[in-house]
Amino acid sequence: MKKLIILIVSAMILVDCDTQEKLRQRAAELCQYIPDHQLSEQARDFMTADFYAVLDTMFNLLPEYDVMDHEWLYLMVSGNGGTTPDFEVTAIELVDRTHAVATVAVRQKWEDGSFDENSGTTEHKMYMEQVDGRWLMSDFDGSKQECLSYLESFRMEQALHDAISDYLVKEVGTHYLQGEFCVPQMMIAYADVAEQVDSAQVWGDFWVFWYQLSGDTLKTVSGGNHSGCMTIKKKEGKPVVTAFEQTVDGAGNEASAKRIFGSHYDAYQCIHSDAAVRELVRREQLRDFVRRNGMSARCYQDYGWPAVEL
């Protein structure tokens with residue numbers, strides 16, 4: 001009887017070791033699909049559907065300028081100054097029958113095959129899940145949750161931007177000499193946002209511009225500044241601007257700005273007084289408008305000034 005128990009235990013140990021070795025090999029195979037500056041279509045077959053969908057959104061569906069602003073969020077393991085990552089699976093933990101965690105050591109390797117001694121070795125956790133008999137990557141260093149949190153924040157921010165943009169076009173833009181396209185420009189000094197944008201107050205430097213498309217150039221027809229504080233509330237599930245307190249023109253401008261912006265006045269003044277930053281934001285947001293609307297425009301031009309490439 002004792003001999004039988006020993007044989008059973010030995011068989012279990014052998015099976016467990018065999019499973020761990022196969023998992024280790026699979027983890028090593030999955031390492032080559034960890035995103036590094038891009039997400040290949042082939043990676044879809046080596047990741048769980050939800051993990052691929054999150055990374056696909058981060059890599060391919062966000063505006064280009066936003067992706068670059070948050071580059072650290074979606075580059076899992078990247079090279080450093082001409083190096084490429086070298087992966088080694090150092091440990092495997094079988095959590096249950098369908099979930100495992102691999103510990104992955106990464107060193108950066110130069111083109112000649114030597115290691116970059118300055119970068120050292122970093123350890124990462126790859127989460128694996130068995131789906132339809134195949135082990136797939138389900139997360140890497142908690143990046144899935146990090147990306148989900150950012151996407152939720154991005155969508156909330158986008159909903160606010162859309163509400164402000166709609167208001168500027170429909171309520172402010174109609175008072176200007178009109179062209180073909182009204183494109184607002186927004187620089188937010190501070191936003192006080194309740195959960196899920198049920199209500200918000202947004203202090204910012206807002207502009208309205210009308211353009212006429214001539215060839216590949218958007219020529220400015222009219223435009224102006226409307227700084228102040230917007231109150232936004234949800235109506236029928238959609239955020240809308242319900243009030244807008246603006247700074248006054250002329251001699252009372254500074255006093256009204258200090259009253260409206262309060263403790264956010266310095267932040268407002270910083271963005272409002274920097275013409276270079278304003279123009280950079282204008283070009284960025286106008287480029288996004290052109291891309292989203294499938295337009296052929298390549299430049300924009302104010303009257304009397306040279307055209308600016310988008």
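- Ion pair Glu93/Lys125 not flagged as a salt bridge, since none of the NZ, NE, NH1 or NH2 atoms sits closer than 4.0 Å to an Asp/Glu carboxylate oxygen.
- Across Ser296 and Asp216, no two heavy atoms sit closer than the pair O-CB, 4.0 Å.
- Residues Phe209 and Tyr300 have side chains not in contact (no heavy-atom distance under 4.5 Å, counting atoms from C-beta outward).
- A heavy-atom distance below 4.5 Å is not found between the side chains of Arg282 and Trp207.
- Between Glu117 and Arg107, at least one side-chain N (NZ, or NE/NH1/NH2) sits under 4.0 Å from a carboxylate O, which counts as a salt bridge.
- Side-chain N or O atoms of Ser138 include one that pairs as donor or acceptor with a backbone N or O of Tyr127 at under 3.5 Å.
- Ion pairing between a basic and an acidic side chain is recognised when a charged N comes within 4.0 Å of a carboxylate O; Arg44 and Asp56 show no such pairing.
- Annotation: side chain of Ile188 is in contact with side chain of His161 (closest heavy-atom distance under 4.5 Å).
- Phe87 has its side chain out of reach of His124: every pair of non-hydrogen atoms, C-beta onward, lies at least 4.5 Å apart.
- You'll find the side chain of Lys238 stays beyond 4.5 Å of the side chain of Asp162, heavy atoms only.
- Within the 4.5 Å cutoff, no side-chain heavy atoms of Ser199 are placed close to those of Lys234.
- Thr48 approaches Leu136 most closely through the heavy-atom pair N-CB, 3.9 Å.
- Every residue was checked against the side chain to side chain contact (heavy atoms under 4.5 Å, CB included) condition with Asp132, not counting sequence neighbours, and none meets it.
- The shortest distance between side-chain heavy atoms of Tyr150 and Met58 falls below 4.5 Å.
- A donor-acceptor pair is defined here as one N or O able to donate and one able to accept, closer than 3.5 Å; such a pair exists between the side chain of Asn253 and the backbone of Val248.
- A centroid separation of less than 6.0 Å is found between the aromatic rings of His272 and Tyr268.
- The backbone N or O of Val202 sits nowhere less than 3.5 Å from a side-chain atom of Asp192 that would complete a donor-acceptor pair.
- Heavy-atom contacts from other residues, nucleotides or ligands closer than 6.0 Å to CZ of Arg97 number 12 or fewer.
- Counted within 6.0 Å of CG on Asp45, heavy atoms from surrounding residues, nucleotides or ligands total more than 12; the atom is thus considered enclosed.
- Proximity of Gln185 to Val281: side-chain heavy atoms (C-beta onward) are separated by under 4.5 Å at one or more points.
- Around NZ of Lys219, the count of heavy atoms belonging to other residues, nucleotides or ligands within 6.0 Å does not exceed 12.
- The pair Arg283-Glu279 does not meet the salt-bridge criterion, since no charged nitrogen lies less than 4.0 angstrom from a carboxylate oxygen.
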